[in-house]
Amino acid sequence: MKTLIETIVTPLVDYPEDISVTRSEEERKIVYHLTVNDKDVGKVIGKNGRVAKAIRTIIYASKTDTNNKRIYLDIM
Amino acid sequence: MRQVTASGQTVEDAVQSAMEQLNTEKDHVDIEVIDEGRKGILGLFGSKPAIVKVTLRKNPILEAEKYLRTICQQMEVDVDIEVEQQENRVTFHLSSEKVALLIGKRGQTLNALQYLVHLMINRSAKVFYVVVLDAEGYRKRRKETLEILAFRMSERAKRIKRKVKLEPMPAFERKIIHTALQEDKDVETMSDGKEPYRHIIIKPI
């Protein structure tokens, strides 16, 4: 799942080397925390959060390594 | 990435020679002029060749296909992708056993993927591409469903003599409904609300 998020984001940003995804698992949910270079924040969020929403839609659809827990994606 | 530096009497000559070395055409490369060159007196004294650096640009469509393939692979979906290009319109036909996962509820996953591919392809490309993702004929089936919905809802609007609101849809789906009801002189269609909640209203005249 971490690699999936990185794969999606990498071609969209100017500074791919600054992408980092961390994972924290809680009792009922798994939170993925995505950080990118300050200049790229707008690119991964998009107008009215359109890009962020698209990224979330895809990771919610992907059921890999989730143990049936709810997935969250935090950006920055 | 492939790159060559070439020289010639003029910039054009240098570019031409670089194209031959890379075996490509002007549309697929970035050209950087390093030295414009100088003709010199009578073409004899003090002449300097033009030097250009030519970089072969990656093919945006191939890159997009690779992007899609990697995403699907990491979603653990085996997928076959067929690419079809008509001018600036690129359609990726996906087929898979788990195609339902890629389509999602009312095509939301497919639309999300389509939007991301559209973004990445148009970031690197010089021409603007319209990206369509299709999965086992989903777009066509969806079009038929939407047309049936359009006719049913227009009948309803006429019967109750009131406006009928449809649920929010992306622009290309709203267009299908507008087009379906264009010929119907008894109703008018319009869109209201802000993306992504923009929806169709069918109004009886």
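By convention in this document, chain letters (A, B, ...) are assigned in the order of the sequence lines, proteins followed by strands, and residues within each chain are numbered from 1.
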For B/L133 and B/Q114, work out which heavy atoms get closest and say how close.
N-OE1, 3.0 Å
Measuring from atom CD1 of A/I19 to atom CD1 of A/I5, what distance do you get when rounded to the nearest 0.5 angstrom?
11.0 Å
Checking B/E167 against B/H199: is there a side-chain donor and acceptor pair closer than 3.5 Å?
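Distance-only check fails for B/H199 and B/E167.
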[X], part contacting chain B, at a heavy-atom distance under 4.5 Å:
X: A/V13; value: backbone
X: A/K47; value: neither
X: A/R56; value: neither

Lys NZ or Arg CZ of B/R89 over B/Y129 ring: under 6.0 Å, within 45°:
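No cation-pi geometry.
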Counting only heavy atoms closer than 4.5 Å, note whether B/Q73 contacts chain A via side chain, backbone, both or neither.
neither
Who wins among B/I71, B/V77, B/L101 for the most heavy-atom pairs under 4.5 Å with chain A?
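Winner by heavy-atom pair count: B/I71.
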Knowing that exactly one of A/K29, A/R28, A/R23 qualifies, which makes a side chain to side chain donor-acceptor pair (under 3.5 Å) with A/E25?
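Passing option: A/R23.
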